[in-house]
S.K.: 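Dumping the structure here so I can ask a few things about it.
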Amino acid sequence: MSRSISLAAVALALALFTSACVSYGPPPRRVAPPSRAVTSSWYSALGRHHPLAGQIWGVREGRFVRERDLVASLASARMVLLGERHDNFDHHRLQAALLRALVTAGRHPAVAFEMFDSDEQPKVDAAVAATPRSSDAIARAVGWEKKGWPPWPAYARIADVALDGGLPIVAANLPLREVRAIARQGLSAIDAREAADLGLNDPMPEALAASLRDELVASHCGHLRGDAVARMSLAQRARDEQMAARMLLA
């Protein structure tokens, strides 16, 4: 069975609308690496001399682990979620490096992008079919420059690894028009069957729901209030459920 890798903002349960408080610019100038970097040099100078820069903390092990041990663990997993801060170009570079390492280890995963809406899958497929080695063709097909994500070169390196390895590229996210409709109107914005398919009729455990509300308020700079928080939480849940479903289908 093919394994799926999701390139999401955070783990699927908390893939946040972080763009509300972030403005994106061109990639920063590359700088020298820290002494214990796990791969090549960093783009960002922020924190690069911190003693934890380039270190890998194994939560299960409760200790720092080596890069090869991380890759071995990921290579045996059915699903891998690669998190990021959208405007951190080093995160994108590390995602691409891990994906390449998994391919080298013999995996052939489907690569699910949060940044592509599921209704854009035909455009992605057509671009890959027409120019199988051009990640820029995918960006043009989906109108990347109008999406509001960071500049495409940050994500192109990940798509390039997928294309080089002949890996399926999956458009994972709920279409933006539906996300916006749910955020404005709540469950009334979608039909009952879709709500049921997305599991939106079932309440989240309160601890998770509270955590999601707190994350959304923080990621919107504290400007969300009252019913808006509830609707945004529902929209986020819908996105997460859609991405999980797309990964399973892949």
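Computed from a predicted structure; not experimentally measured.
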S.K.: Pair up each side-chain donor or acceptor in residues 164-178 with any protein partner under 3.5 Å, not counting sequence neighbours, and list the distances.
M.R.:
residue : atom : partner : partner atom : Å
Asp164  : OD1  : Arg133  : NE           : 3.4
Asp164  : OD1  : Arg133  : NH2          : 3.1
Asn173  : OD1  : Arg239  : NE           : 3.2
Asn173  : ND2  : Glu114  : O            : 3.0
Arg177  : NH1  : Asp119  : OD2          : 2.6

S.K.: Taking all heavy atoms of Met247 and all of Ala112, pick out the closest pair and write down the distance.
M.R.: CG-CB, 4.1 Å

S.K.: Show, in sequence, the C-alpha distance, side-chain angles and deciding distance for Asp136 and Trp144, and conclude whether the side-chain contact (heavy atoms from CB on, under 4.5 Å) test is met.
M.R.: CA-CA 10 Å; Asp136 288 345; Trp144 182 269; over 6 Å; no

S.K.: Check whether any side-chain heavy atom of Leu70 sits under 4.5 Å from a side-chain heavy atom of Leu98, and report yes or no.
M.R.: yes

S.K.: Leu82 and His91: side-chain contact (heavy atoms from CB on, under 4.5 Å), yes or no, with the steps?
M.R.: CA-CA 9 Å; Leu82 298 178; His91 287 184; over 6 Å; no

S.K.: Would you call Gln242 and Arg246 a side-chain contact if the rule is heavy atoms closer than 4.5 Å?
M.R.: yes

S.K.: For Gly222, does its backbone N or O pair with a side-chain atom of Arg225 as donor and acceptor, under 3.5 Å?
M.R.: yes

S.K.: Looking at side-chain heavy atoms only, is the closest gap between Ile138 and Phe116 below 4.5 Å?
M.R.: yes

S.K.: Check whether Val229 and Leu208 end up in the same hydrophobic cluster, where Ile, Leu, Val, Met, Phe, Trp and Tyr are linked by side-chain heavy atoms less than 4.5 Å apart.
M.R.: yes

S.K.: Does Ala207 offer a backbone N or O that forms a donor-acceptor pair with the side chain of Ser211 under 3.5 Å?
M.R.: no

S.K.: Would you find a donor on one side and an acceptor on the other, under 3.5 Å apart, between the side chain of His92 and the backbone of His86?
M.R.: yes

S.K.: Residues two or more places apart in sequence or in another chain: which of them pass side chain to side chain donor-acceptor pair (under 3.5 Å) with Arg60?
M.R.: Ser73

S.K.: Can you tell me how far OG1 of Thr104 sits from CZ of Arg100, rounded to the nearest 0.5 angstrom?
M.R.: 7.0 Å

S.K.: Do you know which two heavy atoms are closest between Tyr155 and Pro150, and how far apart they sit?
M.R.: CE1-CD, 3.9 Å

S.K.: Scan the side chains in residues 186-201 for donor-acceptor partners under 3.5 Å anywhere in the protein, sequence neighbours excluded, and list what turns up.
M.R.:
residue : atom : partner : partner atom : Å
Ser188  : OG   : Gln185  : O            : 2.9
Asp191  : OD1  : Arg193  : N            : 3.1
Asp191  : OD1  : Glu194  : N            : 2.7

S.K.: Could you walk me through whether Phe113 and Val124 satisfy the side-chain contact (heavy atoms from CB on, under 4.5 Å) test, starting with their C-alpha distance in whole Å, then the side-chain angles of each, then the deciding distance to 0.1 Å, before giving a yes or no?
M.R.: CA-CA 11 Å; Phe113 280 80; Val124 173; over 6 Å; no

S.K.: Locate the shortest heavy-atom distance separating Leu99 from Pro109; write the atom from each residue and the value.
M.R.: CD1-CG, 4.0 Å

S.K.: Test side-chain hydrogen bond (donor to acceptor under 3.5 Å, both in side chains) on Glu84 and Asn88 and set out the steps.
M.R.: CA-CA 7 Å; Glu84 66 178 53; Asn88 189 313; over 6 Å; no

S.K.: Measure the shortest side-chain to side-chain distance between Leu212 and Arg237 over non-hydrogen atoms and say whether it is less than 4.5 angstrom.
M.R.: yes

S.K.: Are Leu46 and Leu52 in one and the same hydrophobic cluster, where Ile, Leu, Val, Met, Phe, Trp and Tyr link if side-chain heavy atoms are under 4.5 Å apart?
M.R.: no

S.K.: Less than 4.5 Å apart, side chain to side chain, heavy atoms only: is that true for Met232 and His220?
M.R.: yes

S.K.: Considering all heavy atoms of both residues, which atom of Trp57 and which atom of Gly62 are nearest to each other, and what is their separation?
M.R.: CH2-O, 3.2 Å

S.K.: Is Arg93 salt-bridged to Asp90, cutoff N-O under 4.0 Å?
M.R.: yes

S.K.: Which heavy atom of Trp152 sits nearest a heavy atom of Ser135, and at what distance?
M.R.: CZ2-O, 3.4 Å

S.K.: Of all the heavy-atom pairs spanning Arg140 and Ser134, show the shortest one and how long it is.
M.R.: NH2-OG, 4.3 Å

